[in-house]
Each structure stands twice: as structure tokens, then as C-alpha cells.
Number of protein chains: 2
Amino acid sequence: MIDLEGPDPLYLQLAAVLRERIASGAYQPNRPIASVAELQEEFGLARGTILKSIDVLKSEKLVRAVPGRGTFVTPSA
Amino acid sequence: MIDLEGPDPLYLQLAAVLRERIASGAYQPNRPIASVAELQEEFGLARGTILKSIDVLKSEKLVRAVPGRGTFVTPSA
DNA sequence: GCCCATTTGTACGTATGTATG
DNA sequence: GCATACATACGTACAAATGGG
């Protein structure tokens with residue numbers, strides 16, 4: 001799902017994947033998405049890259065991060 | 001102007017300083033603000049921290065970055 | 001209240017890529 | 001080709017919040 005050779009930045013590719021998971025219901029409203037550590041494992045990307053992806057989703061108000069708990073899907077988004 | 005010991009994140013403190021420079025006219029519309037390298041020199045912060053500050057300003061549409069040229073103050077902002 | 005595991009946040013440094021002139 | 005400047009990505013370390021025991 002992530003094309004390391006492709007022209008698009010990895011953090012934007014990952015943001016697109018996560019956005020799709022929210023849209024499809026794979027990640028549900030008011031439930032946490034995978035943790036940063038889990039996403040690192042799954043995609044083999046650096047922590048900073050994962051965080052930057054999530055920053056994109058936060059700026060789109062698709063998710064809301066809570067330190068110590070997780071990153072939650074915004075309801076009705 | 002930047003309080004290394006203070007509670008506020010350095011990138012937010014720097015964003016506030018730059019926002020003030022724009023508001024005061026120290027950085028003028030359609031003119032470039034200081035380069036990342038110059039800001040690193042002036043504030044003694046890491047490059048990544050400077051970039052994150054500027055990301056904040058970009059998200060506020062106060063500036064627009066152009067690779068190879070600089071980061072420009074948005075007119076009428 | 002205290003420790004501990006989990007999780008997000010911040011900051012550093014470095015290297016490489018890409019766009020402009 | 002070259003210099004300048006922003007962009008992406010990696011790795012690392014520590015800080016801060018949360019929740020459970």
C-alpha cells in the first residue's frame with residue numbers, strides 16, 4: 001500500500017491509507033486507530049514519518065490524539 | 001525571546017515570534033522571511049524545529065514556502 | 001501515593017532529494 | 001553545473017499524560 005519508490009512523500013501516502021481506513025470503517029468513530037508503534041511495525045516507517053502522517057489527519061480533524069491513550073477517530077467525520 | 005526552560009514548546013514559541021514579526025511589518029508582504037539556515041543561526045534551534053514552526057505558519061496561511069527561493073509572507077494576512 | 005507500561009509530544013542531529021535561479 | 005533553500009526521511013532521546021496494579 002505504500003510505494004517506497006513512488007513520487008509521493010511517504011507521510012502523505014500513509015495519511016491516505018489511514019484516511020481510507022477511517023472512511024471504510026476499518027477504524028471506527030470514537031475508537032483508537034493503531035498506535036504509532038504498531039504503525040511503525042506494520043509499515044516499516046520511521047516514527048517521525050508516522051507522526052507527520054497523523055499530523056495531517058489531525059489538521060483535517062479526522063482524528064484527535066490523546067497522550068497516554070491513543071489517537072481517536074473523530075465522530076461524524 | 002525564546003525561553004528554553006519555559007513550558008511552551010520551542011516550535012510554538014518560535015511560531016509566535018515569527019507571527020509577531022509579520023504582524024509588526026518586520027517581515028513584509030510578498031517578501032521572504034529569514035531562511036531556515038538564518039533562523040537556525042539566530043535562535044540556535046535545530047532545523048527540524050524551525051521547519052515545524054514554519055509549518056504552523058503555513059497552516060495558518062500566513063506564509064507560503066517556495067523551494068529554492070524562500071518562505072514568503074502572504075499578502076493581506 | 002508510587003511505580004510501571006503504554007502512548008503521544010518535542011527536540012535533536014544527519015543525510016538525501018528537489019526546486020529555483 | 002553550481003549555490004541556495006525548502007522537503008522528506010531516518011534514527012535517537014527524553015518528556016509528559018494516562019491508566020492499572
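Protein chains get the first letters and strands the later ones, always in sequence-line order, with residue 1 at the start of each.
- Between the C1' atom of dA15(D) and the CG atom of Leu10(B) lies a distance of 12 Å, rounded to the nearest Å.
- The base of dA7(D) sits with one of its N or O atoms less than 3.5 Å from a complementary donor or acceptor on the side chain of Arg47(B).
- If you measure from atom CZ of Arg64(A) to atom P of dT7(C), you get 17 Å, rounded to the nearest angstrom.
- OP1 or OP2 of dC12(C) has at least one side-chain nitrogen or oxygen of Thr49(B) nearer than 4.0 Å.
- Of the possible polar contacts, one joining the Thr74(B) side chain to the Lys61(B) backbone as a donor-acceptor pair under 3.5 Å is found.
- Spacing between atom OH of Tyr11(A) and atom P of dG17(C) amounts to 18 Å, rounded to whole angstrom units.
- With rounding to whole Å, Leu39(B) atom CG is found 8 Å from dC6(D) atom P.
- Side-chain N or O atoms of Thr49(B) include none that pairs as donor or acceptor with a backbone N or O of Leu45(B) at under 3.5 Å.
- Using a 4.5 Å cut-off on side-chain heavy atoms (C-beta onward), Ser53(A) and Val56(A) make no contact.
- Nucleotide dT8(C) holds its P atom 8 Å from the CG atom of Leu51(A), rounded to whole Å.
- Salt bridge Glu42(A)/Arg21(A): present, at least one basic N to carboxylate O contact under 4.0 Å.
- OP1 or OP2 of dT10(C) has at least one side-chain nitrogen or oxygen of Lys52(B) nearer than 4.0 Å.
- Between the CG atom of Asp55(A) and the C1' atom of dT8(C) there is a distance of 11 Å, given to the nearest Å.
- Comparing Gly68(A) and Ser35(B) by the nucleotide of DNA chain D that holds the closest heavy atom to each, the one mapping nearer the 5' end is Ser35(B).
- Put simply, Thr71(B) has no side-chain N or O that comes within less than 4.0 Å of OP1 or OP2 on dA5(D).
- Backbone-only contact: Gly70(B) has heavy atoms under 4.0 Å from sugar-phosphate atoms and none from a base.
- Atoms CD1 (Ile54(A)) and P (dA9(D)) sit 15 Å apart, rounded to a whole Å.
- Look at CD on Gln13(A): it is 15 Å from C1' on dA7(D), rounded to the nearest Å.
- One finds a side-chain N or O of Arg69(A) lying less than 4.0 angstrom from the OP1 or OP2 phosphate oxygen of dG19(D).
- A side chain to side chain contact (heavy atoms under 4.5 Å, CB included) with Ile50(A) is found for exactly one of Asp55(A), Leu18(A), Val36(A), namely Val36(A).
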